[in-house]
Asker: 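The structure's right below; bear with me while I get my questions together.
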Amino acid sequence: MGGMDRYEPLKIEEKWQKIWEEEKPYKAETVEGVPKMYIAEMFPYPSGAGLHVGHVRNFTIVDALTRFYEQQRLNVMRPFGYDTFGLPAENYAIKTGRSPKDVTAENVANFRKQAKRLGYAIDWDREINTSSPEYYKWTQWCFLQLYKKGLAYQKESYQWWCPVDQTVLANEQVENGCCWRCGHEVEKKKMKQWFFKITEYADELLDEVDALDWPDKIKTMQKNWIGRSVGAEIEFAIVQDSSSFASSLAPVVMGLASSIAPVVANAHESESCSNRSITVFTTRPDTIFGATFLVVAPEYPGLEYIVADDAREAVEKYRAEALLKSEIERQENKEKTGVFTGAYVINPATKEKIPIWVADYVLSGYGTGAIMAVPAMDERDREFAEAHDLPVVETELCEFGQFGTPKTTYRMRDWLISRQRYWGCPIPIAYDKDGNPHPIPEDQLPVMLPEIEDYKPDESGRSALAKAKDWLKVKIPVKDPKTGKTQMIECTRETDTLDGYACSSWYLWRYVSPHDKKHAWDPEAISYWAPTDIYVGADHAVAHLLYIRFWCKFFADQGYLPFREPIKKLIYHGYINAPDGKKMSKSKGNVIDPLDVINDGYGADTLRTYEMFIGPVELDAAWDPRSVGGVYRFLNRCYNLLNSEKIDGSKNITIRNKTIKKVTEDIYKCNFNTAVAALMEYVNELYKVGAGEEDLIVLAKLLKPFAPHLTSEMLERLGADDEWPKWDEKYLVSDTAEVVVQVNGKLRTKLTVEMTDLEDEDKIIKMALKDKKIQKYTSDGIKKTIFVKKAKLVNIVV
RNA sequence: GGGCGAGUGGCGGAACUGGUAGACGCGCUAGACUCAAAAUCUUGUGGCCUUCGGGCCGUGAGGGUUCAAGUCCCUCCUCGCCCACCA
């Protein structure tokens, strides 16, 4: 007997990890004619704390699927990489005086080491790191492609600014009016910034969401985020009386904004507003007869040209206050404040003179930043009208065609990508002496991030790169627009770096040819491997997952990608919380370290299997240390079966086939928890009736996606390969069936009948009525009987 | 305020397109082994009642549809997430 041979996970795991390290069985190569399967997780940001249990859930889902398809002999690619640019590494570097590069290198090495201890089937030759020059060279290349097509552009406007991190943020990075990194309230600051024109693809991004094999939750969030509204733009002519016209010739620098940036609007903005008219956006142009006033946002560009002299002071004051208000204050205070500008427009439908107001319930970033107020139809307009004594006129709906032009707008704004921080991908742009931007030529890429001494950003609104004086100077060829001749001219580099989301917007394509020196991705490799078949994550529902779709569509349009959606199937899993159900956090001291779980003696297989068993993949779950022990006992029982007396395997043929079917179907459906439960049931059965060799081979194969070390050991000892087993339906049907008999819908007894009798309804019902237990209930007669063959059920109504 | 989910034993959770509620695991119970403990193996385990045959109740609350409802419909309560003055 095998009393001497105990399950020692740490020994077994070390053995197999060494074999996998040396033999590289998970190296992925193009094999024409063999169906491919490309599976990846959202790559981690390697923090100093190392892997946490959330990473383990994420990576193990990917690994279980990888092995599942690998065992079915598909050509599987499962790469791995690190998202390394960003604030945490830089802030840590500032705090400790070490370089972000060194800190990141250490964290990456630690993550790699820890991931290897979990036994993942990773093709380690495809490892990527977004802060390595070999990688960010191509991030810069991507930027230049967008720039060439006019989809990377500069604009001066009010932006979210985090005063702690000293950088601007994208809309998607502001959560409840606070910075997503440090949690500090954000402010508005007027700055010239780089944007990607994601709105160019708004319609396609929206229209193609429905067809994706993604969770509905994410699809809905993306749709809401894009927020398409169909309506019209209507121009209202400003009434030109002498006072307001005169003042428009001498605009006054207004309010607090002037201390941050010059107030003169840029060319792009001054086109859309003039002192002659105001254009509004509305989804209800048919209510124009009820428009009794106009409202513009406090930030409305060119507001100073509109305001009447006697109202100027009040408007300036209101505008300054509105800009000072934090986003939280503006959200919380739903009172309809505002001031009259002293100016009027003509309602083109009624021809009446109606007043222009300024109010912060109108948002500058949406539509035109100006609305026509129809208090009879719109609740917010009515509140405003009541608060400020403005007229409410019932409106007849009308054909608006003669007053405006159809227009579609989106809630989604263009993606702000410049960051005033050091530790990011340098934007490959330089400015001539007149301040005009020029792209760095592709053959000069990468624009290397220079090593500097002091990473700290300052009040200047420029990143620490501004201090790298030598690096700033660059000579690039620029074509003179007049002569058409190209000349080398001295330029100054852009000091902003790219939002980290830019780096992660194309990494799934880099994985297909991670060492390619000529392309961002190899065209042949991309057409074989991409798009990604299964992508697994727990975050970034609208940011990353929208950006990557945007880049995919853009690069498809440029002929670089043969598909328009980057991810076929998305698995969005829940978080793992502390045993008390609260979020794990260092400050609460309730963090479970996965490496501790392994080193405590449970091993990686237990950790992995437990996290798959913990609950439905899409739901949050609470860590339960005692259940970890339960999974360990299960694996231990599997191992001990190896040493048991073997019986004739044909005895278990039904349960074996049933288990193969259940586990296979459950993994396809990502029901990992019930797949593990089915394996536990199978093992319980084997303990009762004994196990044959074939029973154990099937067990090891089915369990391998979850516990690869233990099962590799089992299969080696059993002398079997790991090819995924198939079930045969013929073993699932038995000669007899159990028929449930109900009286008035309540279970009263069960009959065992011949399978062939299931076809004979009369016979079954007669058998049921003859049963002694049933006769107790039928003495007063029977109203009706129902037989459901599919459910193997009889219901007798008395 | 709007949108989307979810409420099942002491706990985490099962239950296919309406058809045997509580799979599997944890915890607890009893036993075997042991001087003893751990480990391991074997029992039992929704609640209440029981003459030990079984009976009644039971999936957040209340109504409805149905031979039959955790599952469908209506009203309400609680929790979670997302969006939040988007004209």
Side-chain angles (χ1 to χ4, degrees), chain A residues 3 6 175-176 215-221 223-225 227-229 231 280-285 287 295 297 330-336 359-363 365-374 377-381 383-384 409-413 541-542 574 579 581 610 613-616 618-631 633-634 636-637 640 662 665 669 671 673-684 687-688 738-750 772-773 776 783-798:
Chain A
R6 286 175 47 239
E175 297 168 350
N176 295 323
D216 287 338
K217 186 176 117 185
I218 310 301
K219 295 207 270 191
T220 307
M221 280 170 76
K223 281 193 241 178
N224 291 343
W225 187 265
R228 178 163 60 199
S229 292
V280 304
F281 172 73
T282 176
T283 54
R284 295 297 305 275
T287 63
V295 188
R330 249 165 107 160
Q331 275 171 11
E332 277 174 358
N333 182 14
K334 305 244 162 147
E335 262 174 63
K336 295 285 178 293
D360 67 3
Y361 84 93
V362 173
L363 307 175
Y366 184 76
T368 61
I371 63 154
M372 64 176 203
V374 185
M377 295 297 290
D378 185 283
E379 204 183 317
R380 296 155 302 183
D381 295 344
E383 278 174 33
F384 191 81
T409 60
Y410 304 89
R411 217 195 68 103
M412 178 172 67
R413 317 287 150 86
V542 286
Y610 170 65
F613 183 60
I614 197 167
E618 71 280 5
L619 297 184
D620 290 352
W623 186 269
D624 179 4
R626 290 190 296 208
S627 290
V628 178
V631 171
R633 276 193 283 281
F634 163 62
N636 196 22
R637 277 158 77 79
N640 288 337
K662 172 76 177 154
E665 290 179 348
K669 287 185 281 189
N671 294 338
N673 55 330
T674 50
V676 175
L679 288 165
M680 289 172 166
E681 245 178 297
Y682 178 55
V683 167
N684 290 345
Y687 265 74
K688 271 182 206 145
E738 188 180 67
V739 172
V740 169
V741 184
Q742 298 177 330
V743 177
N744 288 342
K746 282 184 180 165
L747 171 67
R748 294 301 173 189
T749 192
K750 293 171 186 177
K772 282 205 187 70
K773 285 177 191 159
K776 281 204 296 193
K783 286 199 187 121
K784 80 197 240 193
T785 58
I786 290 138
F787 175 63
V788 187
K789 196 176 112 191
K790 204 176 69 183
K792 292 182 223 156
L793 175 143
V794 174
N795 192 11
I796 297 158
V797 186
V798 297

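Just so you know, these numbers use all the heavy atoms, side chains as well, and skip hydrogens, waters and symmetry mates. Quick note on labels: first sequence line is chain A, next is B, and so on, each numbered from 1.
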Asker: Decide yes or no for Met372(A) and Val374(A): does some side-chain heavy atom of the first lie under 4.5 Å from some side-chain heavy atom of the second?
Answerer: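 With C-beta onward as the side chain, the pair touches.
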Asker: In whole angstrom, what separates Arg626(A)'s CZ from rG27(B)'s P?
Answerer: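 So the two atoms are 6 Å apart, to the nearest Å.
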Asker: Report the nucleotide, chosen from rC26(B), rC83(B), rU20(B), that has the shortest atom-to-atom distance to any side-chain atom of Val740(A).
Answerer: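 Comparing rC26(B), rC83(B), rU20(B) against the side chain of Val740(A), the answer is rU20(B).
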Asker: Is there side-chain contact between Asp624(A) and Tyr610(A), with at least one heavy-atom pair below 4.5 Å?
Answerer: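 They are in side-chain contact.
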Asker: In whole Å, I'd like the distance from the NZ atom of Lys217(A) to the P atom of rA6(B).
Answerer: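 Distance, rounded to whole Å: 12 Å.
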Asker: Starting at CG of Asp620(A) and ending at C1' of rG5(B), how long is that distance when rounded to a whole Å?
Answerer: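 Rounded to whole Å, this separation is 12 Å.
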Asker: Tell me whether the side-chain N/O atoms of Tyr366(A) come closer than 4.0 Å to OP1 or OP2 in rA87(B).
Answerer: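 Yes, within the criterion.
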Asker: Among rA23(B), rC82(B), rC26(B), find the nucleotide with the atom closest to the side chain of Met221(A).
Answerer: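 Closest of the options to the side chain of Met221(A): rC82(B).
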Asker: Does Lys336(A) get its side chain close enough to the base of rC85(B), under 3.5 Å, for a donor-acceptor pair?
Answerer: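 Pair found.
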Asker: How many whole angstroms separate atom NZ of Lys789(A) from atom P of rG19(B)?
Answerer: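 It works out to 18 Å between those atoms.
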Asker: Is there side-chain contact between Val797(A) and Thr785(A), with heavy atoms separated by less than 4.5 Å?
Answerer: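 A side-chain contact is absent here, since even the closest heavy-atom pair is not under 4.5 Å.
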Asker: Check whether any side-chain N or O of Thr674(A) sits under 4.0 Å from OP1 or OP2 of rA23(B), and answer yes or no.
Answerer: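 It does not, given that no N or O in the side chain of Thr674(A) lies less than 4.0 Å from OP1 or OP2 of rA23(B).
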Asker: Applying side-chain contact (heavy atoms from CB on, under 4.5 Å), run through Asn795(A) and Phe787(A) and close with a yes or a no.
Answerer: CA-CA 6 Å; Asn795(A) 192 11; Phe787(A) 175 63; over 6 Å; no
Asker: Contact between Phe384(A) and Asp378(A) at the side-chain level, heavy atoms closer than 4.5 Å - yes or no?
Answerer: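 No; the side chains remain at least 4.5 Å from each other.
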Asker: Find out whether Thr282(A) and Ile371(A) are in side-chain contact, i.e. whether some heavy atom of one side chain is under 4.5 Å from a heavy atom of the other.
Answerer: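 A side-chain contact under 4.5 Å is absent here.
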Asker: Name the pairs: protein N/O against N/O of nucleotides 67-69 of chain B, kept only if under 3.5 Å.
Answerer:
{"residue": "rC67(B)", "atom": "O2'", "partner": "Asn795(A)", "partner atom": "ND2", "Å": "3.1"}
{"residue": "rC67(B)", "atom": "O2", "partner": "Asn795(A)", "partner atom": "ND2", "Å": "2.7"}

Asker: For a quick test of reading the model: is some side-chain N or O of Lys746(A) closer than 4.0 Å to OP1 or OP2 of rC57(B)?
Answerer: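 True: Lys746(A) side-chain N/O within range (under 4.0 Å) of rC57(B) OP1/OP2.
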Asker: Taking the six-membered ring of Tyr361(A) as reference, does the cationic atom of Lys336(A) (NZ for Lys, CZ for Arg) lie under 6.0 Å from its centre and within 45° of its axis?
Answerer: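 Cation-pi check for Lys336(A) and Tyr361(A): passes.
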Asker: What contact category does Gly630(A) fall into here, base, sugar-phosphate, or nothing, at under 4.0 angstrom with non-hydrogen atoms?
Answerer: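 Sugar-phosphate: the residue Gly630(A), judged by heavy atoms under 4.0 Å, touches backbone atoms but no base.
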Asker: Nearest whole angstrom, please: distance from the P of rA87(B) to the CG of Asp360(A).
Answerer: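 Between P of rA87(B) and CG of Asp360(A): 18 Å.
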Asker: Check whether the side chains of Arg637(A) and Asn684(A) place a donor and an acceptor atom closer than 3.5 Å, and report yes or no.
Answerer: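 Present: a donor and an acceptor within the cut-off.
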Asker: When the nearest nucleotide of RNA chain B is assigned to Lys776(A) and to Leu619(A) on a heavy-atom basis, which residue is associated with the more 5' position?
Answerer: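 Checking each residue's closest nucleotide, the 5'-ward one belongs to Leu619(A).
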Asker: Considering only atom P, compute the distance from rG18(B) to rA23(B) and round it to an integer number of Å.
Answerer: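 To the nearest whole Å, 23 Å.
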Asker: Which of these nucleotides, rC24(B), rU20(B), rA87(B), is closest to any side-chain atom of Glu738(A)?
Answerer: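 Of all the options, the side chain of Glu738(A) is nearest to rU20(B).
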Asker: Would you call rG9(B) syn or anti, using the 90° rule around 0?
Answerer: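 That one's syn.
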Asker: Closest nucleotide of RNA chain B for Lys662(A) versus for Ser627(A): which of these residues is on the 5' side?
Answerer: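 It is Lys662(A), whose closest nucleotide lies nearer the 5' terminus.
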Asker: With sequence neighbours excluded, what pairs up with Lys662(A) under the salt bridge (Lys or Arg N to Asp or Glu O under 4.0 Å) test?
Answerer: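 So Lys662(A) forms a salt bridge (Lys or Arg N to Asp or Glu O under 4.0 Å) with Asp666(A).
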Asker: Is the closest side-chain heavy-atom distance between Leu793(A) and Val739(A) below 4.5 Å?
Answerer: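 SC-SC contact between Leu793(A) and Val739(A) ruled out.
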Asker: Using the P atom as the point on both nucleotides, what is the distance between rG13(B) and rA6(B), in whole Å?
Answerer: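 After rounding to an integer number of Å, I get 14 Å for this pair.
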Asker: For Leu747(A) and rG54(B), give me the distance from atom CG to atom P, rounded to whole Å.
Answerer: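 Rounding to the nearest Å, CG of Leu747(A) and P of rG54(B) are 12 Å apart.
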Asker: Using the P atom as the point on both nucleotides, what is the distance between rC73(B) and rA21(B), in whole Å?
Answerer: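 Approximately 22 Å lies between the P atom of rA21(B) and that of rC73(B).
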Asker: Determine the interplanar angle of the Phe281(A) and Tyr366(A) rings, folded into 0 to 90°, and report it as parallel if under 30°, tilted if 30 to 60°, perpendicular if over 60°.
Answerer: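 Phe281(A) vs Tyr366(A) ring planes: perpendicular.
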Asker: Quantified in whole Å, what is the C1' atom distance between nucleotide rG25(B) and nucleotide rC74(B)?
Answerer: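 Between the two C1' atoms, the distance is 38 Å.
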Asker: Distance between the C1' atoms of rU50(B) and rA38(B), in whole angstroms?
Answerer: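 These two C1' atoms come out 40 Å apart once rounded.
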Asker: Give a yes/no answer on whether the side chain of Arg748(A) brings an N or O atom under 4.0 Å of OP1 or OP2 in rG55(B).
Answerer: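 Checking Arg748(A) against rG55(B): at least one side-chain N or O falls below 4.0 Å of OP1 or OP2.
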Asker: In whole Å, measure the gap between the P atoms of rG22(B) and rG9(B) for me.
Answerer: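 After rounding to an integer number of Å, I get 14 Å for this pair.
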Asker: Which of these nucleotides, rU20(B), rC85(B), rA87(B), is closest to any side-chain atom of Thr283(A)?
Answerer: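 Selected nucleotide (nearest to the side chain): rA87(B).
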Asker: Can you establish whether the number of heavy atoms outside Lys217(A) located under 6.0 Å from its atom NZ is more than 12?
Answerer: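 For Lys217(A), atom NZ is not crowded (no more than 12 foreign heavy atoms under 6.0 Å).
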Asker: Taking N or O atoms only and anything under 3.5 Å, show me the protein contacts with nucleotides 36-42 of chain B, one pair per line.
Answerer:
{"residue": "rC41(B)", "atom": "OP1", "partner": "Arg637(A)", "partner atom": "NH1", "Å": "2.8"}

Asker: Specify the separation, in whole Å, of atom CH2 of Trp225(A) and atom C1' of rG3(B).
Answerer: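 In whole Å, rG3(B) C1' lies 15 Å from Trp225(A) CH2.
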Asker: Please report the distance separating the C1' of rU65(B) from the corresponding atom of rU71(B), rounded so that it comes out in whole Å.
Answerer: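 Their C1' atoms lie roughly 14 Å apart.
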Asker: Rounding to an integer number of angstrom, what distance separates rU66(B) and rG3(B) when you compare their P atoms?
Answerer: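 Straight-line distance between the two P atoms is 30 Å.
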Asker: Using the glycosidic torsion, which applies to rG10(B): syn (within 90° of 0) or anti (everything else)?
Answerer: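 Base orientation relative to the sugar is anti.
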